[in-house]
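Heads up: the structure comes next, in structure tokens.
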Amino acid sequence: MPGRPSQAPPFTPSAPSPYTPPPWPSPEAGAPASLLDPGTERDPHPLYRTLRGRFPLVYDEPFGAWLISRYADVRAALADPRLVAPSPGPVPAHGGAYRALASSALRDQVTAALRAGVERTAHVLASRLASRPEADLVADFCQWLPAAAAVAALGLPYEDTARVHAWCRTGLDHLGGRRPGLDAYLLPHVVRRRAHPGDDLLSVLCAARPDGHPLPDEAVTGLAGTVLGAAGETTARALASFLSGLLDHPRALGLIRDRPELAGAAWEESLRRDPPLQIVARRALEPIGPIPEGATVACLLGAAGRDPARFADPDRYDIFRADRGDLAYGSGQYYCPGAPLARLTAEAGLRALLTVLPDLRRAPGSRPRPEGLVSRSPRTLPVCPS
Ligand code: HEM
């Protein structure tokens with residue numbers, strides 16, 4: 001229950017040391033179930049508990065990866081330079097440097113104009129629901145707002161949101177690996193930005209000269225696709241879990257209505273408890289304990305976020321939790337550069353819903369469960385808007 005501060009001391013972040021594999025379990029320890037076993041997708045938490053308790057490092061043969069589940073281990077592994085992010089597609093020359101460029105541009109991107117644009121869109125989306133007796137918050141709100149935020153960040157036309165939204169939904173994986181048609185759509189915008197730069201992310205990418213020369217067009221469109229792929233679907237899923245959690249905790253919702261400054265803590269608590277990306281993959285550049293070179297390592301963010309060694313009463317949803325410090329945005333060199341934009345989107349979305357739809361509640365009899373092993377959230381959220 002919210003309202004009661006938890007007992008654990010505040011978490012002070014420190015630089016994680018390199019990942020140190022725990023002692024390898026003896027064969028007598030048996031083997032845990034696999035992530036791919038039936039039932040795990042419906043509720044992965046029993047398996048997460050077993051893994052954290054008895055198998056902090058284990059090879060999941062059906063899944064094809066080494067699983068790391070404890071908070072401290074996941075944090076160390078994510079920041080360990082011997083464990084790198086697998087590339088979503090063919091790696092272009094300078095790929096890492098280009099991504100670093102997009103990341104640093106993104107971090108500086110939350111301008112007042114962008115904030116105003118996201119707030120306006122949130123208000124429009126909420127107002128469209130106002131006259132309806134029933135709506136699906138996932139399809140009608142959660143999926144649109146992050147797409148609109150990414151469109152605004154890149155400086156693409158607002159009226160193209162529906163097109164971009166469709167790509168975010170169907171054409172891109174988390175980091176924009178597949179994007180049929182998107183490059184062709186983006187190219188004329190790149191040409192225009194080169195001639196008439198603005199202060200949006202696309203202009204920043206067009207103006208960049210990482211090695212003394214402008215980025216080629218295909219690098220700019222590729223990076224914009226990466227941003228859209230990473231921004232849209234992940235934030236939409238996080239928003240669905242966030243709103244679903246609050247609809248289940250009307251007292252927390254009431255507190256945020258009276259004290260809007262609590263929305264950020266509620267967002268963080270939702271990301272800790274129900275991260276939209278439950279699993280982040282790494283590839284081992286060299287042997288690490290029993291992990292062979294080239295092996296895939298799965299960092300279980302969903303298990304780490306509920307590790308009782310790190311969080312008091314970890315299954316409890318507590319917006320006053322003192323022991324924050326979740327890993328939903330990753331850690332180390334790949335830490336999500338879109339975190340401020342995602343938070344802004346969530347806060348603006350919640351504020352608009354609370355203002356425009358003060359009686360918003362779950363539709364009677366509906367309680368959709370979260371779904372998905374890697375990306376996890378409720379796929380629908382039927383509500384009565386008024
Ligand atoms: C709640 C929303 C979000 C969550 C939970 C999230 C989570 C993550 C995680 C866990 C990673 C690291 C992946 C890894 O370690 O391999 C990541 C990377 C990334 N995210 Fe996000 N993300 C969110 C929203 C966004 C948004 C809104 C944007 C862009 C506007 C974005 C852009 C990126 C990019 C470009 C990367 C790659 C960074 C790199 O490779 O250096 N994300 N995100």
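Quick caveat, the model's predicted, so the values are computed rather than measured. Atoms within each ligand, like the ligands themselves, are counted from 1 in listed order.
- Listed by first and then second residue, the side chain to side chain donor-acceptor pair (under 3.5 Å) pairs that reach into residues 125-139 are Arg132-Asp140, sequence neighbours excluded.
- Contact atoms of ligand 1 toward Ala238: 1 (C) (distance under 4.0 Å to a heavy atom of the residue).
- If you look at Ala339 next to ligand 1, there are no close heavy atoms at all, none under 4.0 Å.
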| said: Could you walk me through whether Val138 and Gln143 satisfy the side-chain contact (heavy atoms from CB on, under 4.5 Å) test, starting with their C-alpha distance in whole Å, then the side-chain angles of each, then the deciding distance to 0.1 Å, before giving a yes or no? | reply: CA-CA 6 Å; Val138 171; Gln143 287 175 352; 3.7 Å; yes

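- For ligand 1 and Thr235, the ligand atoms under 4.0 Å from any heavy atom of the residue are 2 (C), 24 (C), 27 (C).
- Proximity to Tyr334 (heavy-atom distance under 4.0 Å) selects the following atoms of ligand 1: 12 (C), 14 (C), 15 (O), 18 (C), 38 (C), 40 (O), 41 (O).
- Not close to ligand 1: Ala153, with no non-hydrogen atom less than 4.0 angstrom away.
- Salt-bridge annotation for Glu268 and Arg272: absent, with no side-chain N of the basic residue lying under 4.0 Å from a carboxylate O of the acidic one.
- Residue contact check: Pro276 has heavy atoms under 4.0 Å from atoms 5 (C) of ligand 1.
- Residue contacts with ligand 1, taken as heavy atom pairs separated by less than 4.0 Å, do not involve Phe242 at all.
- Under a 3.5 Å cut-off, the side chain of Thr380 and the backbone N or O of Pro382 do not form any donor-acceptor pair.
- Panel note: side chain Arg324, backbone Ala265; no donor-acceptor pair is recorded below 3.5 Å.
- Distances shorter than 4.0 angstrom occur between a heavy atom of Pro337 and an atom of ligand 1.
- The heavy atom nearest to atom 7 (C) of ligand 1, out of those in Pro86, Gly330, Ala328, Ala281, is found in Ala328.
- Under a 4.0 Å heavy-atom criterion, Arg282 is in contact with ligand 1.
- Residue Trp267 has at least one heavy-atom neighbour below 4.0 Å for each of these atoms of ligand 1: 1 (C).
- Looking at heavy atoms from C-beta onward, Pro290 lies in side-chain contact with Trp66 at the 4.5 angstrom threshold.
- Every residue two or more places apart in sequence or in another chain that forms a side chain to side chain contact (heavy atoms under 4.5 Å, CB included) with Arg273 is listed here: Arg306, Tyr317.
- Per-residue contacts place Ala342 under 4.0 angstrom from the following atoms of ligand 1 (heavy atoms of the residue considered): 1 (C), 2 (C).
- In this structure the side chain of Pro370 never reaches within 4.5 angstrom of the side chain of Asp274, judged on heavy atoms.
- Between Cys299 and Ile279, every side-chain heavy-atom pair lies at or beyond the 4.5 Å cut-off.
- Remark: ligand 1 atoms within the under-4.0 Å shell around heavy atoms of Leu341 are 30 (C).
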